[in-house]
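Numbered from 1 within each chain, the chains take letters A, B, ... in sequence-line order. Basis for what follows: all heavy atoms, side chains included, without hydrogens, waters or symmetry-related copies.
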Amino acid sequence: MYESGKEPLCVSSLPVSLSSASFLHAAKHGRRKGIRAFFVFRYVPSCTGRRLMNTVDEKLHAIRHSMAHVMAEAVLKKFPDAHIAIGPAIQDGFYYDFDLPRNLTPDDLEDITESMKEIIKRGSAFEKRVISRQEAKELFKDQKFKLELIDELPETEEISIYSQDGFTDLCRGPHVESLNKLNLQSFKLLSVAGAYWRGDEKRPMLQRIYGTAWTNPKDLRLHLDHLAEMEKRDHRRLGKELDLFSLHEEAGPGLVYWHPKGARIRHEIEKFWKEEHFANGYELLNTPHVGKSWLWETSGHLDFYADGMYPEMVMDKANYYAKPMNCPFHIMIYKNAKHSYRELPFRWAELGTVYRYEKSGTLHGLMRVRGFTQDDAHIFCTPGQVEDEILEVLRFSLYMLTSFGFKDIQAYLSTRPEKAVGEPAQWKLAEASLKKAIEAEGLDYDIDEGGGAFYGPKIDLKVKDAIGRSWQLSTIQFDFNEPERFDMTFVDSDGKEKRPYMVHRALLGSLERFFGVLIEHYAGAFPVWLAPVQVAMIPVAENFNAYAKDVAGALKKAGIRVLVDDSDDRMNAKIRNAQNDKIPYMLICGEREQSAASVSVRRRFEKENETMNVDAFVSFIKGKIERKELV
RNA sequence: GCCCUUGUAGCUCAGUCGGUAGAGCACAUCCAUGGUAAGGAUGGGGUCAUCGGUUCAAAUCCGAUCGAGGGCUCCA
């Protein structure tokens, strides 16, 4: 199985169609650093950028691009010898890359900000001028990066420059008409980071300053609040605070340790996952974690994916590899016997733990790790079964995602690239079935023409979380490569051996990453069915500890996860602790409750409480769990 | 991998000009027995990431290593 959004082949080799450029960008960057790419669609629900470009966006774009120029002017003022590179408007802001004599510090950003404000106050116009190539080269003779850009501009391209306040930049525009259009109070420089010239690691490393800019201070405020909210929800922070998981540098970066509370959540996820798979006609497999090189030579991984694999282990003169994917193992099971068309389809699923070498700089909490468990499955079927199988898989994916509280789902269909294995007719059937399934489910979707992997077309599903960020979770991918390489066959009704269709699919992606997404989606306050502790018993004083334990016993008997806070904290402190642990229900008990065999129910994040008798509470919470409600 | 930033108690962080460490939370013990977001006292806990260098003296200055964080062409 190829992990969501992570084909082993280099994505940059894929042809990019205009309509899908931003999507591909997201995919490409998702590969580099876990989460960032998934913010790309933040403010453009169920649609990619271009289509939504309206006047507001264009205006913002011009403001941000102009801000970048102003920043470049300010930087040049501070460092007259600086070489300036490029400074585009981006999602939510802008950046500019510089080659500077020394490294920038946060103090420099303040300086530059002040300097920018002065420049803006002067209110000069943005003036565009079209010049000849010769003039341009003369004008930028001291700016090596600009010269390089000029040299690369096609002959037919008009060369334009924009000037404001004495600063001139090679630029295609457009810009705001004058600095008066920029608001002093609605921009902020955010960070400085390294970036290669033209993103090429063989070229010089430049310093990039990121900033954000808006039309008015209120929007800036909203954006900064949003950033703060993201920080509050950061799964690495919450994972620590709630004692869910850890990573240990001394034991190996990128390898996840699930603590009791985290593992409890994982258990609930797995339990649900397994039950639903059985209910949906799947069988479960368990396969080894390592395999001899023969397996990976046959699958082709050692040819095209060796860089992503852990190095070999030598034993009995054979090379073994930790598995980066589960598919070859599932194929071994398939090939263990001869199969008739009557047996198909096979739907074989495994929570398969795989290991991949990810560059150290790309590791990121749970989102980007070196060992993870895929909720993998492979479907082997006849050509006639493809359509139903795909429809079924997509329906199942949506069911799973919505069960975890993701209601806003978008689909992305990627079709045949120029270089591809498999017969065109196969591709056609596969693509048609994917498209049909998406339409049958009434999903919003985008097509990335030619954006599929070389081995087959696919559907990726992205969900939006509680604060509007997109995360790619599910993927459904045809594979025309491996059945060929492993010479998989089935005997058809005409007695002839034929190639089965093979579909990889992951619904949640990887359990680690999915857990990270869940943490951020719920901000650590899991719905009651997933919460590691569902109920905290809070006796108001030591005298009522025994009653609290009685009630807890009854709850445990009903299968509810409950703890009794019999510490010598005061009740207020116990409430606070339970609240901070984001436990869905607090049951406070004292004299009143004890004498009435009841509990005072306080819901997480709510002040009001209601009194119920114990039996009533049990059926109440069981209903919540059954319906997968928040609290 | 590369660039920048960074690594002090379980966690969050102070630590001035180099003079062998401090707070809050957490933890332990004791007092207090409390009605819907922190009761009080006392105490234990650190080879200042690791290795090396400079110095009479290094958490502090320098170098290397290992982590972690922010980034690494949304085309001038």
Give one of base, sugar-phosphate or nothing for [X], where a contact means two heavy atoms less than 4.0 Å apart.
X: A/Lys146; answer: sugar-phosphate
X: A/Glu158; answer: base
X: A/Ile86; answer: sugar-phosphate
X: A/Glu157; answer: base

Short side-chain N/O contact to [N] OP1/OP2 from [X], under 4.0 Å:
X: A/Arg236; N: B/G70; answer: yes
X: A/Tyr210; N: B/C74; answer: no
X: A/Tyr95; N: B/C74; answer: yes
X: A/Arg570; N: B/G35; answer: no
X: A/His61; N: B/C74; answer: no
X: A/Arg208; N: B/C72; answer: yes
X: A/Lys240; N: B/U12; answer: yes

For [X] and [N], what is the distance between atoms [atom1] and [atom2] respectively, to the nearest whole Å?
X: A/Asn572; N: B/G40; atom1: CG; atom2: P; answer: 12 Å
X: A/Leu190; N: B/G70; atom1: CG; atom2: P; answer: 14 Å
X: A/Arg133; N: B/A76; atom1: CZ; atom2: P; answer: 16 Å
X: A/Arg172; N: B/C75; atom1: CZ; atom2: C1'; answer: 7 Å
X: A/Leu242; N: B/A26; atom1: CG; atom2: P; answer: 16 Å
X: A/Trp197; N: B/C2; atom1: CH2; atom2: P; answer: 23 Å
X: A/Arg64; N: B/C75; atom1: CZ; atom2: C1'; answer: 18 Å
X: A/Phe544; N: B/G34; atom1: CZ; atom2: C1'; answer: 10 Å

Centroid-to-centroid, [X] to [Y], below 6.0 Å?
X: A/Phe94; Y: A/His65; result: no
X: A/Tyr321; Y: A/Tyr305; result: no
X: A/His175; Y: A/Tyr162; result: yes
X: A/Trp214; Y: A/Phe187; result: no

For A/Met571 and for A/Gln207, find the nucleotide of RNA chain B with the closest heavy atom, then tell me which residue's nucleotide is more 5'.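 The residue whose closest nucleotide sits nearer the 5' end is A/Gln207.
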Take atom [atom1] in [N] and the same atom in [M], then report the distance between them in whole Å.
N: B/U50; M: B/A58; atom1: P; answer: 15 Å
N: B/U5; M: B/G52; atom1: P; answer: 25 Å
N: B/C62; M: B/G18; atom1: P; answer: 11 Å

Is A/Glu593 side chain donor-acceptor paired with the B/G35 base, going by distance under 3.5 Å alone?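 A donor-acceptor contact between them is present.
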Any donor-acceptor pair under 3.5 Å between the side chain of A/Asn609 and the base of B/U36?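 Donor-acceptor pair under 3.5 Å: yes.
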Is a donor from one side chain sitting under 3.5 angstrom from an acceptor on the other, for A/Tyr210 and A/Arg208?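 A donor-acceptor contact under 3.5 Å links the two side chains.
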Check: A/His364/A/Thr362 side-chain N/O donor and acceptor closer than 3.5 Å: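 Side-chain D/A pair, A/His364 to A/Thr362: absent.
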